[in-house]
Undergrad: 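Handing you a structure now.
For the numbers below, each heavy atom of this structure counts, side chains included, while hydrogens, waters and symmetry mates do not.
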Amino acid sequence: MGAFQQFLDSQKISPSALLRRSQQLEAHTAEDRVLKRKRSTRRRDKEQQQKPYAELGLGKPRSGRGLSEQQLTAAREDKPLSPRVRAKLVRAVNAVLSKGGGSAVDAKALFGDVPARVGPTVKKAAS
């Protein structure tokens, strides 16, 4: 049993509740749709292309994709996960804990010494 699974067992968090909460947190909202449209307009406008998104007040919209069953299973088995998936897991766990009155945790407390998965683009940059 991995560190993530032990944490879930100690906090009595069910995997199904974690998946459900992640879907809710990552779902697109009306604000996200507006942000996507404004970012798209900025890329097409020649004058605004020189300005960064932050200067125009355009944050990043949510991904629209919560955790999958496979990603959660991999986390429970202590397999290396990408930083994005790890971030989604941390957000979902913290949301469940805060609803239950607990305090927030960081990735180190959830995953222990399991390294993040390194993708091909990171390997190319390092070479």
Side-chain angles (χ1 to χ4, degrees):
M1 188 165 31
F4 185 71
Q5 182 63 42
Q6 287 177 345
F7 182 83
L8 292 181
D9 291 342
S10 69
Q11 297 293 324
K12 296 182 176 116
I13 299 173
S14 72
S16 60
L18 206 57
L19 287 175
R20 202 171 40 249
R21 191 66 179 139
S22 176
Q23 294 292 335
Q24 291 170 351
L25 287 173
E26 301 296 329
H28 281 295
T29 62
E31 295 170 8
D32 294 323
R33 291 181 187 93
V34 169
L35 274 176
K36 282 180 107 173
R37 188 180 68 243
K38 286 182 178 180
R39 287 170 74 97
S40 175
T41 303
R42 180 243 176 221
R43 286 191 299 273
R44 286 191 212 103
D45 190 5
K46 299 282 186 207
E47 296 170 5
Q48 290 185 358
Q49 283 181 353
Q50 307 303 323
K51 299 178 185 176
Y53 289 121
E55 187 177 311
L56 297 172
L58 301 175
K60 278 192 167 187
R62 294 184 183 122
S63 67
R65 292 178 156 202
L67 289 169
S68 70
E69 186 78 38
Q70 292 170 331
Q71 292 167 336
L72 185 59
T73 303
R76 292 169 62 191
E77 295 172 357
D78 274 356
K79 293 183 180 175
L81 299 168
S82 69
R84 257 187 205 173
V85 173
R86 289 168 70 116
K88 286 180 184 182
L89 280 165
V90 170
R91 275 195 297 273
V93 167
N94 283 336
V96 170
L97 287 176
S98 67
K99 188 173 183 180
S103 60
V105 295
D106 61 339
K108 189 72 171 167
L110 286 179
F111 303 110
D113 295 331
V114 177
R117 189 183 73 200
V118 179
T121 56
V122 175
K123 289 178 188 174
K124 287 180 187 176
S127 305

Undergrad: Are His28 and Lys36 side-chain neighbours, meaning at least one heavy-atom pair lies under 4.5 Å?
TA: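 Touching, per the 4.5 Å side-chain cut-off.
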Undergrad: Under a 3.5 Å threshold, yes or no: a donor from one side chain and an acceptor from the other, between Thr29 and Arg33?
TA: no
Undergrad: In terms of hydrophobic clustering (I, L, V, M, F, W, Y; side-chain heavy atoms under 4.5 Å; direct or indirect links), are Leu89 and Ile13 co-clustered?
TA: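 Same cluster.
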Undergrad: Arg44 and Ser40: side chain to side chain donor-acceptor pair (under 3.5 Å), yes or no, with the steps?
TA: CA-CA 7 Å; Arg44 286 191 212 103; Ser40 175; 2.7 Å; yes
Undergrad: Heavy atoms, side chains only, cut-off 4.5 Å: are Arg76 and Pro15 in contact?
TA: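 Side chain of Arg76 against side chain of Pro15, heavy atoms only: contact under 4.5 Å found.
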Undergrad: Could you tell me whether a side-chain N or O of Gln23 sits under 3.5 Å from a main-chain N or O of Leu67, the two making a donor and an acceptor?
TA: yes
Undergrad: Of the non-hydrogen atoms in Ala116 and Pro80, which two are nearest, and what is the gap between them?
TA: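 In this case the closest contact between Ala116 and Pro80 is C-CB, 4.4 Å.
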Undergrad: Is it the case that the side chain of Gln71 and the backbone of Ser68 share a donor-acceptor pair, with hydrogens and angles ignored and the cut-off at 3.5 Å?
TA: yes
Undergrad: Between the side chain of Thr73 and the main-chain N/O of Glu69, is any donor-acceptor distance below 3.5 Å?
TA: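 Side chain of Thr73 to backbone of Glu69: a pair is present.
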Undergrad: Does a salt bridge link Arg62 with Glu31, judged by any charged N lying under 4.0 Å from a carboxylate O?
TA: no
Undergrad: Quick one: pull up OG in Ser16 and CZ in Arg21 and give me the separation to the nearest 0.5 Å.
TA: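 Between atom OG of Ser16 and atom CZ of Arg21 there are 14.0 Å.
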Undergrad: Heavy-atom distance under 4.5 Å between the side chains of Val90 and Phe111, does that happen here?
TA: yes
Undergrad: Roughly how far, to the nearest 0.5 Å, is NZ of Lys60 from CZ of Arg39?
TA: 6.5 Å
Undergrad: Using a cut-off of 6.0 Å, state whether more than 12 heavy atoms not belonging to Arg91 lie near its atom CZ.
TA: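 Counting other residues, nucleotides and ligands, CZ of Arg91 exceeds 12 neighbours.
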Undergrad: Any chance you could measure Glu26, atom CD, to Lys88, atom NZ, to the nearest 0.5 Å?
TA: 5.0 Å
Undergrad: Below 4.5 Å, heavy atoms only, C-beta onward: do Tyr53 and Gln48 meet side chain to side chain?
TA: no
Undergrad: Would you say Leu8 and Leu19 are hydrophobically clustered, going by side-chain heavy atoms of ILVMFWY under 4.5 Å?
TA: yes
Undergrad: Working to the nearest 0.5 angstrom, can you tell me the gap between Gln5 CD and Leu72 CG?
TA: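 So the CD of Gln5 and the CG of Leu72 are separated by 8.5 Å.
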Undergrad: Grab the two heavy atoms, one from Leu25 and one from Ala95, that are nearest each other, plus how far apart they are.
TA: CD1-CB, 3.7 Å
Undergrad: Drop me the distance from Glu55's CD to Arg42's CZ, to the nearest 0.5 angstrom.
TA: 9.5 Å
Undergrad: When you compare the side chain of Val105 with that of Asn94, does any pair of heavy atoms fall below 4.5 Å?
TA: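 In short, these two side chains touch, coming nearer than 4.5 Å.
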Undergrad: Does Phe4 reach the side chain of Leu81, with side-chain heavy atoms less than 4.5 Å apart?
TA: no
Undergrad: How long is the gap from NZ on Lys51 to CG on Asp45, to the nearest 0.5 Å?
TA: 9.0 Å
Undergrad: Is a donor on one side and an acceptor on the other found under 3.5 Å between the side chain of Arg43 and the backbone of Gln49?
TA: no
